[in-house]
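We number each residue from 1, following the sequence as shown. What's counted below: heavy atoms across the whole structure, side chains too, no hydrogens, waters or symmetry copies. Predicted model, so just to flag it, every value in this text is computed and none were measured.
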Amino acid sequence: MNITVGNWETQRAHAQPIRFEVFVDEQKVPAEIELDEMDALCIHAVAYDEAGQPLATGRLLPDGHIGRMAVRRAGRGQGVGGAVLQALIQAARERGDREVVLNAQTHAAPFYARHGFVREGEEFMEAGIPHITMRASLV
């Protein structure tokens with residue numbers, strides 16, 4: 001597996017199709033809210049399989065939020081999502097962030113907990129899907 005980290009300009013060609021496949025096609029998130037103006041300001045990570053096919057992506061916002069974590073079906077259960085998450089956490093550390101925060105789909109909370117994130121607050125709905133805020137300290 002190979003992971004690249006960069007800006008939207010360099011990552012978009014591979015990150016955007018993964019996000020549309022997972023969020024729009026599978027989870028029925030409206031296409032018009034999937035991409036936003038924050039993409040241009042974020043650090044993006046994309047994971048590739050041994051054949052060079054893009055499998056997963058995620059982004060790190062300027063305020064330390066991690067979001068748009070998406071893994072194609074072919075990459076699920078193989079540690080690909082965890083590798084993308086760790087790449088984004090490392091980018092946050094290198095930038096000097098003291099913590100990272102994310103809004104996890106509730107069913108994915110155990111995955112994030114395995115990576116050091118702690119649930120906080122009450123469950124809420126985002127794009128019609130139950131979420132929970134989770135936070136991890138980097139210090």
For V84 against G58, the heavy-atom pair lying closest together: CG1-N, 3.7 Å
If I take atom CE from residue M69 and atom CD1 from residue I18, how far apart are they, to the nearest 0.5 angstrom? 11.0 Å
For the residue pair F111 and G81, what are the closest heavy atoms and their distance? CZ-C, 3.6 Å
Any non-hydrogen side-chain atom of I43 less than 4.5 Å from a side-chain atom of N7? no
Can you tell if the side chain of R135 reaches within under 4.5 Å of the side chain of V100, non-hydrogen atoms only? no
R19 side chain to E34 backbone, donor-acceptor under 3.5 Å: yes
Between V71 and R76, is any pair of side-chain heavy atoms under 4.5 Å apart? yes
Are R98 and L138 close enough, and set up right, to give a side chain to side chain contact (heavy atoms under 4.5 Å, CB included), and what steps lead you there? CA-CA 5 Å; R98 298 179 58 77; L138 303 181; 5.8 Å; no
Just checking, is any N or O donor in the side chain of T57 or Q11 under 3.5 Å from an acceptor N or O on the other one? no
Grab the two heavy atoms, one from E99 and one from V101, that are nearest each other, plus how far apart they are. OE2-CG2, 4.1 Å
Show the nearest heavy-atom pair for residues A45 and L88, with the distance to one decimal. CB-CD2, 3.8 Å
Verify the distance criterion only: is there a donor paired with an acceptor across the side chains of Q90 and E94 at less than 3.5 Å? yes
Verdict with reasoning, R72 to D49, per salt bridge (charged side-chain N to carboxylate O under 4.0 Å, His left out): CA-CA 11 Å; R72 285 186 159 140; D49 66 14; over 6 Å; no
Atom CD1 in I66, atom CG in N103: separation rounded to 0.5 Å? 11.5 Å
Take Q27 and Q105 through the side chain to side chain donor-acceptor pair (under 3.5 Å) test and state the conclusion after the steps. CA-CA 11 Å; Q27 298 182 352; Q105 291 185 10; 2.7 Å; yes
Testing the basics here: between A136 and G116, what is the closest heavy-atom pair and its distance to 0.1 Å? CB-O, 3.6 Å
Would you check if the side chain of T133 reaches a backbone N or O of E120 as a donor-acceptor pair within less than 3.5 Å? no
Does R73 form a salt bridge (charged side-chain N to carboxylate O under 4.0 Å, His left out) with E21? I'd like the steps, not just the answer. CA-CA 9 Å; R73 287 188 198 276; E21 185 177 313; over 6 Å; no
Do I129 and V29 have side chains that approach each other closer than 4.5 Å (heavy atoms only, starting at C-beta)? yes
Does the side chain of K28 reach to within under 4.5 Å of the side chain of F23, using non-hydrogen atoms? no
Measure the spacing between CG of L61 and SG of C42 and express it to the nearest 0.5 Å. 3.5 Å
Can you tell me how far CZ of F20 sits from CG of L35, rounded to the nearest 0.5 angstrom? 4.0 Å
Heavy-atom pair of closest approach, residues A15 and W8: CB-CZ3, 3.9 Å
Pairwise distance CG(N2) to CG(L55) - rounded to 0.5 angstrom: 11.0 Å
Could you tell me whether the side chain of H44 and the main chain of D39 form a donor-acceptor pair under 3.5 Å? yes
Below 4.5 Å, heavy atoms only, C-beta onward: do F117 and I89 meet side chain to side chain? yes
Verdict with supporting geometry, L102 and H65, side chain to side chain contact (heavy atoms under 4.5 Å, CB included): CA-CA 5 Å; L102 52 81; H65 273 75; 5.8 Å; no
Do you see a donor-acceptor pair shorter than 3.5 Å between the side chains of H131 and E123? no
Any sub-3.5 Å donor-acceptor pair from D36's side-chain atoms to M38's backbone N or O? yes
Within a strict 4.5 Å, meaning less than it, do heavy atoms of the V118 and M134 side chains meet? no
Do P130 and M125 come close enough that some side-chain heavy atom pair is under 4.5 Å? yes
Determine, using the 4.5 Å side-chain heavy-atom cutoff (strictly less than), whether I3 and V46 are members of one ILVMFWY cluster. no
